[in-house]
K.L.:
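Below is a structure I'd like to ask you about.
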Amino acid sequence: MSTMKTPWIKRLAMAAAFAVPAIAPLCASAGPTLDAIKQKGTLRCGVSTGVLGFSAADSQGVWRGIDVDFCKALAAVIFNDPNKVQYVPLSAQARFTALQSGEVDILSRNTTWTASREQAMGAVFAGVMFYDGQGFMVKKSANIKRASQLNGATVCVQPGTTTELNLTDYFRSKKMTFKPVVIQDLSQVEQAFFGGRCDVYTTDISGLAATRRKADKPDDYVILPDAISKEPLGPMIRRGDWDYFNLVRWTLFGLIEAEEYGVTQANVDKLKAESKEPPIQRLLGTSGDIGKGMGLDNDWMFRVIKAVGNYGEMFTRNVTPLGLERGQNALWKDDGLMYAPPIR
């Protein structure tokens, strides 16, 4: 994925980061969601049914991925234990109902932030975890180089996703035709593509990279260079609990700021004990009262970094093995879009 460097895109990303939904103001007692999580003694995290690098169970049944790590980070804040998470795998169609009904406390599940999803579903996004875009994957033997060559193709796609609408919009705008093969279950979509039932598989580029890793011969498939949409992926929670929203949002920002100041899982103990840098002291709770302002102790981000590292470490551990570069997901100072308001 290419790095997007245009100034207007960066302004848009920063505006998205700072946007505050219309929720009731902070109150003295914890809100209903946070109270319920504490009473249960576990965070119920809605994840995908298996997207490598984001949320997928390994052969031992252990969930791994950048979205999984974020749920661990929240559990470290709430319980001082990153393992107090129940992972609930959800299909693209079932995920929003599961969140609305209270089956899960958060969707950390490669979900695109859109206006309609915030307006119609009684939910809000806490920020952007991963900047992505929709793409296309084809067999290398097809000798297709660009998306503009896909006229008349049979395309595998999942229902209940932004991918469906983007696919239709793109082909209509290019005056091209396609034949959709709509399959709900991710594993069945992948089987259909690898089995030759469709010429093309379309989803977020990160998802394509994850699927290619599952192929018997990954090098037999190529992801075309065209990104046809904006797909800002982030954690989604129910509307109406400002305390919980605040906790989720600032945990995400804290992970980004930790990378910016070079605070890692390996050096966090040393920096907490010795750093004289004011931003690091505030981040790790040796000065200021940021945690107390959210109803937490001031060690909240220290616990997070001890548990999962910073954003860059999470990316390297989970996403880099897919063959994806940081690109748009690099820090702002490295020409990326990852920008966090200061913790002060």
Side-chain angles (χ1 to χ4, degrees), residues 1 45-71 87-95 107-112 129-130 132-144 147 150 153-164 166-167 180-228 231 233 314-327 329:
M1 296 188 299
C45 182
V47 293
S48 74
T49 54
V51 178
L52 293 176
F54 288 80
S55 52
D58 64 17
S59 59
Q60 305 300 314
V62 178
W63 283 90
R64 303 184 187 280
I66 194 168
D67 289 336
V68 170
D69 279 355
F70 187 66
C71 290
Y87 298 102
V88 182
L90 298 167
S91 69
Q93 285 189 316
R95 57 185 161 169
L107 287 181
S108 187
R109 195 214 162 280
N110 53 297
T111 299
T112 301
M129 174 76 71
F130 190 91
D132 210 340
Q134 184 173 331
F136 300 97
M137 182 161 63
V138 298
K139 289 184 177 179
K140 184 181 292 185
S141 60
N143 199 32
I144 294 172
L150 296 177
T154 301
V155 184
C156 278
V157 62
Q158 281 186 283
T161 62
T162 56
T163 307
E164 271 192 301
N166 294 336
L167 176 64
V181 177
V182 181
I183 304 173
Q184 179 173 336
D185 184 75
L186 175 61
S187 63
Q188 292 180 10
V189 176
E190 293 171 338
Q191 290 172 14
F193 174 64
F194 291 138
R197 186 175 167 189
C198 46
D199 308 311
V200 184
Y201 175 37
T202 185
T203 189
D204 296 344
I205 291 171
S206 61
L208 297 177
T211 293
R212 184 169 60 180
R213 287 260 311 209
K214 300 178 185 178
D216 292 334
K217 297 180 179 179
D219 290 342
D220 286 352
Y221 300 90
V222 295
I223 299 172
L224 301 182
D226 310 272
I228 67 168
E231 305 296 328
L233 311 179
M314 290 164 54
F315 190 102
T316 299
R317 180 167 59 244
N318 297 296
V319 181
T320 300
L322 300 178
L324 296 176
E325 298 178 356
R326 288 290 296 268
N329 295 293

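Only this structure's heavy atoms are used, side chains among them; waters, hydrogens and symmetry mates stay out.
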K.L.:
At their closest point, which heavy atom of Met314 faces which heavy atom of Met129, and how far apart are they?
P.N.:
CE-SD, 4.4 Å
K.L.:
Provide the closest heavy-atom pair for Tyr201 versus Cys156 in the form atom of the first, atom of the second, distance.
P.N.:
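Here Tyr201 and Cys156 meet closest at CD1-O, 3.5 Å.
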K.L.:
In Å and rounded to the nearest 0.5 Å, what is the CG to OH distance from Asp216 to Tyr221?
P.N.:
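So the gap between those two atoms works out to 8.0 Å.
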K.L.:
Got a second to check how far Asp204's CG is from Thr161's OG1, nearest 0.5 Å?
P.N.:
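Answer rounded to 0.5 Å: 8.5 Å.
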K.L.:
Enter the distance from Leu324:CG to Ile223:CD1 here, rounded to the nearest 0.5 Å.
P.N.:
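If we round to the nearest 0.5 Å, Leu324:CG and Ile223:CD1 are 6.5 Å apart.
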K.L.:
Could you pull out all residues at least two apart from Thr49 that satisfy side-chain contact (heavy atoms from CB on, under 4.5 Å)?
P.N.:
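Checked Thr49 against side-chain contact (heavy atoms from CB on, under 4.5 Å); matches are Pro89, Leu186.
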K.L.:
Pairing donors with acceptors under 3.5 angstrom, does anything connect the side chains of Gln158 and Thr163?
P.N.:
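Distance-only check fails for Gln158 and Thr163.
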K.L.:
Heavy atoms only: give me the nearest Val68-Trp63 pair and the separation to one decimal.
P.N.:
CG1-O, 3.5 Å
K.L.:
Suppose we screen for salt bridge (Lys or Arg N to Asp or Glu O under 4.0 Å). Which residues come up paired with Arg64, at least two apart in sequence or across chains?
P.N.:
Asp58
K.L.:
Just verifying a value: how many Å separate Arg212 CZ and Asp220 CG, rounded to the nearest 0.5 Å?
P.N.:
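It comes to 11.0 Å.
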K.L.:
How are the rings of Phe315 and Phe130 set to each other: parallel, tilted or perpendicular (split at 30° and 60°)?
P.N.:
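The arrangement is parallel - the two ring planes meet at less than 30°.
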K.L.:
Of all the heavy-atom pairs spanning Leu322 and Ala209, show the shortest one and how long it is.
P.N.:
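Looking at all heavy atoms of both residues, the shortest contact is O-CB, 3.9 Å.
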K.L.:
Under the criterion side-chain contact (heavy atoms from CB on, under 4.5 Å), which of Val222, Thr203, Thr211, Thr202 is the partner of Met137?
P.N.:
Thr211
K.L.:
Quick one: do Ile183 and Gln191 satisfy side-chain contact (heavy atoms from CB on, under 4.5 Å)? Show the steps, please.
P.N.:
CA-CA 10 Å; Ile183 304 173; Gln191 290 172 14; over 6 Å; no
K.L.:
Can you tell me which residue among Asn329, Asn110, Ile205 is in a side-chain contact (heavy atoms from CB on, under 4.5 Å) with Asp132?
P.N.:
Ile205
K.L.:
CZ/Arg95 to OG1/Thr111 distance, rounded to the nearest 0.5 angstrom?
P.N.:
4.5 Å
K.L.:
My understanding is that only one of Ser108, Ser48, Cys71 makes a side-chain contact (heavy atoms from CB on, under 4.5 Å) with Ser55; could you say which?
P.N.:
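Passing option: Ser48.
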K.L.:
Which heavy atom of Ser91 sits nearest a heavy atom of Gln184, and at what distance?
P.N.:
OG-NE2, 3.3 Å
K.L.:
Does any non-hydrogen side-chain atom of Leu150 lie less than 4.5 Å from one of Val138?
P.N.:
yes
K.L.:
Okay, side chain of Asn318, backbone of Phe54: is any donor-acceptor separation there less than 3.5 Å?
P.N.:
no
K.L.:
Hey, is the main chain of Ile228 close enough, under 3.5 Å, to the side chain of Asp226 for a donor-acceptor pair?
P.N.:
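No: the side chain of Asp226 does not pair with the backbone of Ile228.
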K.L.:
Quick one: CG on Leu208 to CD on Gln134, what's the gap to the nearest 0.5 Å?
P.N.:
8.5 Å
K.L.:
How far apart are the closest heavy atoms of Val47 and Arg109, and which atoms are they?
P.N.:
C-CG, 3.1 Å
